[in-house]
Protein chains: 2
Amino acid sequence: MARWEPDARGRLAKAALELYLERGFEETTVLDIAERAGVTERTFFRHFTDKREVLFLNSGALQDAVVASITEAPPGGSPLEVLGAALIEGGRQLGVSREHARLRMSAITRHPSLLERELLKLSTLSGAASTALQERGVAAPTARLVADIAVGAFSVGFERWLDVEDDAEADLPDSIGATLAELRELAAPGA
Amino acid sequence: MARWEPDARGRLAKAALELYLERGFEETTVLDIAERAGVTERTFFRHFTDKREVLFLNSGALQDAVVASITEAPPGGSPLEVLGAALIEGGRQLGVSREHARLRMSAITRHPSLLERELLKLSTLSGAASTALQERGVAAPTARLVADIAVGAFSVGFERWLDVEDDAEADLPDSIGATLAELRELAAPGA
DNA sequence: GACGGGATGTCAGCGACTGACATGACTGTA
DNA sequence: TACAGTCATGTCAGTCGCTGACATCCCGTC
């Protein structure tokens with residue numbers, strides 16, 4: 001598996017994040033990234049489809065976890081409950097450090113181009129969740145709406161997790177769960 | 001204001017949509033668009049920042065309408081109620097034909113690159129709505145969550161409006177309102 | 001009819017991205 | 001030990017998105 005210097009992909013992702021934070025996204029050339037990682041520009045594009053994708057290495061893992069969680073959920077439960085639990089479980093399995101997540105998010109929010117890609121990933125996650133819900137018998141229009149809303153809450157919960165001051169109190173699944181609960185309150189007829 | 005052939009911007013937007021539908025986004029060159037519109041490639045980039053933006057000419061108008069509606073809303077009412085009414089009003093003022101909206105959406109969903117831009121516009125709208133809510137005294141975290149959720153419902157409502165078969169029954173504000181109502185049901189504690 | 005300003009044209013150039021082909025490194029096998 | 005096959009990487013040439021600098025043209029104004 002490993003030849004030459006191993007893990008070119010990982011080195012490229014690391015070099016890219018560093019450079020995006022040091023100089024900014026626009027000011028960083030793919031050639032810069034490749035050179036810092038010790039490979040050629042061409043090699044970069046063999047590992048990542050474009051200059052943005054390099055910050056989204058593990059976005060597929062979250063989606064897989066969420067879909068699996070929906071599929072394996074016991075029958076019964078409202079769509080929002082099922083998906084909510086799946087998103088909390090996905091957050092649990094993510095296993096990313098707040099430090100790294102903060103740096104990554106910092107780079108992403110600094111440039112619209114990267115934000116676009118982040119939004120696309122969330123949209124893809126929403127689409128996959130919607131499909132998984134439909135396979136459980138949820139009607140398509142309902143599934144799409146629930147997925148959209150719940151993934152939105154997931155995203156907000158993730159950001160709130162990054163904002164917590166005290167490291168000891170920061171728990172991603174808790175934060176997602178709390179945000180989903182708040183969603184229910186805000187949407188409640190009385191609110 | 002108008003010299004040479006008037007409305008180069010509008011001609012460019014029209015030519016771009018046509019070509020994206022005829023050949024696809026990737027297969028269309030900015031030079032192609034410019035030639036069909038009777039201008040130079042350079043002129044294209046004076047009117048639009050990039051090849052995607054050309055499909056999002058009036059996205060600012062919706063945002064302005066929504067923000068204005070939030071700002072002018074009478075005091076009282078939950079954040080979700082205020083924003084929901086503002087989004088319905090925004091939909092009312094949009095004034096786009098379903099035919100044109102369908103073609104545009106068809107082009108957008110055909111290519112992830114365009115979908116990214118659509119998502120960014122919605123995110124920007126959400127951010128603006130959140131800010132407007134905060135100026136009404138809504139706490140920042142709540143405002144962000146409500147804005148995210150409500151704009152998501154708006155987007156789903158818009159798509160549903162496009163899907164309605166009978167032209168006579170298709171009303172955008174109604175569709176947005178119905179989707180918001182469904183959101184409340186789905187999120188209600190009992191559901 | 002000279003003047004000024006805004007929209008357009010022209011041109012040169014950088015950087016993102018791709019296809020085609022060559023080369024290197026490591027594995028399995030005789 | 002030699003040889004062949006495979007897969008990641010390197011090399012090279014080319015297209016296209018996008019930008020800055022400068023020239024030009026059309027129009028209203030004085």
Side-chain angles (χ1 to χ4, degrees), chain A residues 1-57 107-108 110-118 120-121, chain B residues 1-57 107-108 110-118 120-121:
Chain A
M1 178 68 58
R3 310 167 191 189
W4 291 272
E5 285 304 307
D7 195 24
R9 177 186 252 92
R11 265 154 40 224
L12 283 165
K14 179 168 177 287
L17 177 58
E18 289 171 4
L19 286 166
Y20 291 172
L21 289 170
E22 288 172 17
R23 315 180 190 170
F25 177 75
E26 297 255 10
E27 292 69 29
T28 300
T29 289
V30 173
L31 183 58
D32 296 333
I33 302 172
E35 281 176 349
R36 181 170 293 199
V39 295
T40 307
E41 193 185 4
R42 192 64 181 86
T43 293
F44 177 95
F45 288 109
R46 287 207 177 88
H47 286 283
F48 303 99
T49 60
D50 60 50
K51 198 184 163 187
R52 298 168 206 145
E53 196 67 18
V54 67
L55 288 192
F56 300 86
L57 239 180
I108 287 175
R110 269 208 250 288
H111 201 286
S113 193
L114 291 168
L115 184 54
E116 278 187 337
R117 183 56 50 86
E118 167 84 359
L120 182 63
K121 296 294 183 188
Chain B
M1 180 69 58
R3 309 166 191 191
W4 291 273
E5 286 303 307
D7 195 23
R9 178 187 253 92
R11 264 154 40 223
L12 283 164
K14 179 167 177 287
L17 177 58
E18 289 171 4
L19 286 166
Y20 291 171
L21 290 170
E22 289 172 17
R23 315 181 188 169
F25 177 75
E26 297 255 10
E27 292 68 29
T28 300
T29 290
V30 173
L31 183 57
D32 296 333
I33 303 171
E35 282 176 348
R36 182 170 292 200
V39 295
T40 307
E41 193 185 2
R42 191 64 182 88
T43 293
F44 177 95
F45 288 109
R46 287 206 176 89
H47 286 283
F48 304 99
T49 60
D50 60 52
K51 198 184 162 187
R52 299 169 205 148
E53 197 67 18
V54 67
L55 288 191
F56 300 85
L57 240 180
I108 287 175
R110 269 207 250 288
H111 202 285
S113 194
L114 291 168
L115 183 55
E116 279 187 337
R117 184 55 52 85
E118 167 83 359
L120 182 62
K121 296 294 183 189

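Reminder, nothing fancy here: chain letters follow the sequence lines and each chain counts from 1.
Regarding B:F48, its CZ atom lies at a distance of 13 Å from the P atom of D:dC18, rounded to whole Å. The CD atom of B:E53 sits 11 Å away from the P atom of D:dC18 (whole-angstrom rounding). The distance from atom CG of B:L12 to atom C1' of D:dC18 is 15 Å, rounded to the nearest whole Å. Straight-line distance from the CD atom of B:E27 to the P atom of D:dT15: 17 Å, rounded to whole Å.
Within the 4.0 angstrom heavy-atom criterion, base atoms lie near B:T40.
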Short N/O separations, protein against nucleotides 20-24 of chain D, under 3.5 angstrom:
residue : atom : partner : partner atom : Å
D:dG20  : N7   : B:R42   : NH2          : 2.9
D:dG20  : O6   : B:R42   : NE           : 2.8

For nucleotides 13-17 of chain C, print each protein N/O atom paired with a nucleotide N/O atom at under 3.5 Å, atom names and distance only.
residue : atom : partner : partner atom : Å
C:dA16  : OP1  : A:T28   : O            : 3.4
C:dA16  : OP1  : A:V30   : N            : 3.4
C:dA16  : OP1  : A:K51   : NZ           : 3.3
C:dA16  : OP2  : A:V30   : N            : 3.4
C:dC17  : OP2  : A:K51   : N            : 2.7

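Between the side chain of B:R11 and the backbone N or O of B:P6 there is at least one donor-acceptor pair closer than 3.5 Å. Looking only at distances, no side-chain donor or acceptor of B:R23 sits under 3.5 Å from a matching main-chain atom of B:T28.
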Next item on the list: Just do the side chain to side chain contact (heavy atoms under 4.5 Å, CB included) check on A:D50 and A:R117 with the steps written out, would you?
Entry: CA-CA 11 Å; A:D50 60 50; A:R117 183 56 50 86; 3.2 Å; yes
Next item on the list: Could you walk me through whether A:L57 and A:F48 pass the side chain to side chain contact (heavy atoms under 4.5 Å, CB included) test, one step at a time?
Entry: CA-CA 9 Å; A:L57 239 180; A:F48 303 99; 4.0 Å; yes
Check: B:R110 and B:L21: side chain to side chain contact (heavy atoms under 4.5 Å, CB included), yes or no, with the steps?
Finding: CA-CA 9 Å; B:R110 269 207 250 288; B:L21 290 170; 3.6 Å; yes
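Taking each heavy atom of A:E41 and A:V30 in turn, the nearest pair found is CG-CG1, 3.7 Å.
For D:dT9, the OP1/OP2 oxygens have a side-chain nitrogen or oxygen of A:H47 closer than 4.0 Å. Checking the phosphate oxygens (OP1, OP2) of C:dG9, a side-chain nitrogen or oxygen of B:T43 falls inside 4.0 Å.
Using a cut-off of 4.0 Å between Lys/Arg side-chain N and Asp/Glu carboxylate O, B:E53 and B:K121 are scored as salt-bridged.
Using cut-offs of 30° and 60° for the angle between ring planes, the B:F25 and B:Y20 rings count as perpendicular.
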